[in-house]
Amino acid sequence: MNKDILLHELVPDHVILSESEIKKLFKNQDFDQEQLPKIKTSDPIAKAIDAKEGDILEITRRSLTAGTFVTYRLVEG
């Protein structure tokens, strides 16, 4: 039995953004990263990808009805 949470079919893709990706993301936005929804460093996915406080995660969800939906979370302690 595989216990890798990242491989579970219900877990969307989570990627830690680089500094350049973060700058590009917020370049033309009227809000800052502190206003993003949060995810705790203790979250099982955050632990699995070794996310640190202050990182921004890009979460890509796939659905037969909605297609692809991308959202972002700020990692906090």
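With sequence neighbours left out, the side-chain hydrogen bond (donor to acceptor under 3.5 Å, both in side chains) criterion links Lys27 to no other residue. Scanning for ring pair (Phe, Tyr, Trp, His ring centres under 6.0 Å) contacts around Tyr72 gives an empty result, with sequence neighbours left out.
In this structure, the side chains of Ile39 and Glu76 stay at 4.5 Å or more apart for every pair of heavy atoms. Between Ile49 and Ile16, some side-chain heavy-atom pair lies under the 4.5 Å cut-off. Considering only heavy atoms from C-beta on, Ile5 comes within 4.5 Å of Ile45 through its side chain. Contact of the Leu57 side chain with the Val75 side chain is registered, since non-hydrogen atoms from C-beta on lie closer than 4.5 Å. Residues Ile59 and Pro12 meet the side-chain proximity criterion, which asks for heavy atoms closer than 4.5 Å. Side-chain contact between Thr68 and Arg61: absent, with no pair of heavy atoms (C-beta onward) separated by less than 4.5 Å.
Listed here is the closest heavy atom pair of Asp32 and Phe26: C-CE2, 3.6 Å. Across all their heavy atoms, Leu74 and Gln33 have their closest contact at CD2-O, 3.5 Å. Contact detail for Thr41 and Glu53: the closest heavy-atom pair is CG2-N, 3.8 Å. Gln29 and Leu25 make their closest contact through CG-O, 3.2 Å (heavy atoms, listed as atom of the first residue, atom of the second, distance).
Residue-environment remark: NZ (Lys24) stays at or below the threshold of 12 foreign heavy atoms within 6.0 Å.
Ion pairing between a basic and an acidic side chain is recognised when a charged N comes within 4.0 Å of a carboxylate O; Arg73 and Asp43 show no such pairing.
Under the 3.5 Å distance criterion, the side-chain polar atoms of Lys38 are matched with a main-chain donor or acceptor of Leu36.
Cluster partners of Leu64, using a side-chain heavy-atom cutoff of under 4.5 Å among ILVMFWY residues and allowing indirect links: none.
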request  = Could you walk me through whether Arg62 and Asp13 pass the side chain to side chain contact (heavy atoms under 4.5 Å, CB included) test, one step at a time?
outcome  = CA-CA 9 Å; Arg62 290 174 186 77; Asp13 294 335; 2.8 Å; yes
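Side-chain heavy atoms closer than 4.5 Å link hydrophobic residues (I, L, V, M, F, W, Y) into clusters, and following such links, possibly through other members, connects Leu17 to Val70.
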